[in-house]
Amino acid sequence: MSIEEKRVWIYAMVAIGVPVVYFAIILGRLRTTGADEIAYAGPMLTAIVVAIAANVGANIVAGMLSPKEANRRDERDADIQLYGRRPEFYVLAVGVVAALGLTLAEFAHFWIANTIYLAFVLSALTSSAARIVAYRRGF
């Protein structure tokens, strides 16, 4: 497995793990509190910072474990990255349209912000899945 494929797996695991914890906390609060009263900004910002730090940290560790591969990148890796960006764009676009629809329907900021966050999460997972398939099966 190349270092680039390892980075995609890291990105996918972080894109699954951190949002699962975030949504478990926030949706748990939603059972007892109205959406307008939930303080979601702090947990969301924390989730974003933790995801970035986990991704960077895990990539550093992966690079340290494979120092000879750490800076290797070939044409196939660039093509696979581009291949993963295409479906990522469409998922993110649908999420943004959904958030815009919620905004126009005057939903609470809670729902709009979480829809945007979910759109980013789903786009990251879609991109990762497409890249992993490309590394494993070709494209």
Side-chain angles (χ1 to χ4, degrees):
M1 181 183 311
S2 73
I3 190 72
E4 290 298 319
E5 186 178 354
K6 289 176 187 174
R7 288 180 175 147
V8 173
W9 277 103
I10 290 167
Y11 187 64
M13 294 303 108
V14 170
I16 290 171
V18 174
V20 163
V21 172
Y22 168 77
F23 283 117
I25 291 168
I26 293 301
L27 294 178
R29 292 179 185 174
L30 192 57
R31 283 187 263 153
T32 59
T33 310
D36 290 337
E37 299 171 15
I38 294 177
Y40 64 90
M44 184 181 289
L45 291 174
T46 301
I48 292 167
V49 170
V50 166
I52 291 168
N55 196 21
V56 170
N59 276 292
I60 289 171
V61 170
M64 288 172 36
L65 294 174
S66 305
K68 292 180 182 178
E69 294 182 18
N71 293 320
R72 280 195 189 158
R73 187 177 173 147
D74 61 15
E75 185 176 320
R76 181 174 177 248
D77 292 322
D79 289 344
I80 288 174
Q81 183 176 9
L82 180 62
Y83 179 78
R85 295 270 182 210
R86 291 180 184 134
E88 176 184 29
F89 165 77
Y90 293 116
V91 171
L92 187 59
V94 168
V96 168
V97 168
L100 180 61
L102 292 175
T103 302
L104 294 174
E106 298 182 0
F107 273 70
H109 290 163
F110 171 86
W111 295 112
I112 297 165
N114 281 289
T115 299
I116 293 169
Y117 181 63
L118 182 62
F120 278 114
V121 168
L122 293 176
S123 71
L125 292 174
T126 302
S127 173
S128 296
R131 291 176 192 182
I132 289 167
V133 168
Y135 274 113
R136 294 294 168 165
R137 296 186 184 169
F139 58 100

Let me confirm one number: the OH-CZ distance from Tyr135 to Arg131, rounded to the nearest 0.5 Å.
8.0 Å
Might you point out which heavy atoms bring Leu102 and Ile112 nearest each other, and give the distance in Å?
CB-CG1, 3.8 Å
Nearest 0.5 Å please: distance from the CZ atom of Phe23 over to the CG atom of Leu30.
11.5 Å
Heavy-atom distance under 4.5 Å between the side chains of Ser66 and Lys6, does that happen here?
yes
When you look at CZ of Phe120, are more than 12 heavy atoms from neighbouring residues, nucleotides or ligands closer to it than 6.0 Å?
no
So, taking the atom named CG in Leu92 and the one named CZ in Arg85, what distance separates them when rounded to the nearest 0.5 Å?
11.0 Å
Please report the interatomic distance CD1(Ile3) to CD1(Ile10), rounded to the nearest 0.5 Å.
6.5 Å
Heavy-atom closest pair (Ser2 atom, Asp77 atom, distance to 0.1 Å) is OG-OD1, 4.1 Å
Cluster check Val56, Val49: I/L/V/M/F/W/Y, side chain < 4.5 angstrom
no
same_hphob_cluster(Val96, Val94) at 4.5 Å side-chain heavy-atom cutoff
no
Between Tyr11 and Val14, is there shared hydrophobic-cluster membership here, with clusters defined by ILVMFWY side-chain heavy atoms closer than 4.5 Å?
no
Do Arg29 side-chain atoms and Ala39 backbone N/O form a donor-acceptor pair below 3.5 Å?
yes
Mind listing the closest non-hydrogen atom pair of Asp36 and Ala108 along with its distance?
OD1-CB, 2.9 Å
Following the transitive rule for hydrophobic clusters with a side-chain heavy-atom cut-off under 4.5 Å over Ile, Leu, Val, Met, Phe, Trp and Tyr, establish whether Ile116 and Ile25 coincide in one cluster.
no
For Val121 against Pro19, the heavy-atom pair lying closest together
CG2-CG, 3.4 Å
Before we go on, tell me: are the rings of Tyr22 and Tyr117 under 6.0 Å apart, centre to centre?
yes
State whether the side chain of Asn55 and the backbone N or O of Ala51 hold a donor-acceptor pair below 3.5 Å, judged by distance alone.
no
Tell me whether Met44 is reachable from Val21 by hopping between hydrophobic residues (I, L, V, M, F, W, Y) whose side-chain heavy atoms are closer than 4.5 Å.
no
Taking every heavy atom of Tyr83 against every heavy atom of Ala134, the minimum-distance pair comes out as CD2-CB, 3.7 Å
Shortest non-hydrogen contact from Gly84 to Ala130?
CA-CB, 4.1 Å
Salt bridge between Glu5 and Arg136, side-chain N to carboxylate O under 4.0 Å?
yes
So, taking the atom named CD1 in Ile132 and the one named CH2 in Trp9, what distance separates them when rounded to the nearest 0.5 Å?
4.0 Å
Interatomic distance, Tyr90 atom OH to Thr126 atom OG1 [nearest 0.5 angstrom]
13.0 Å
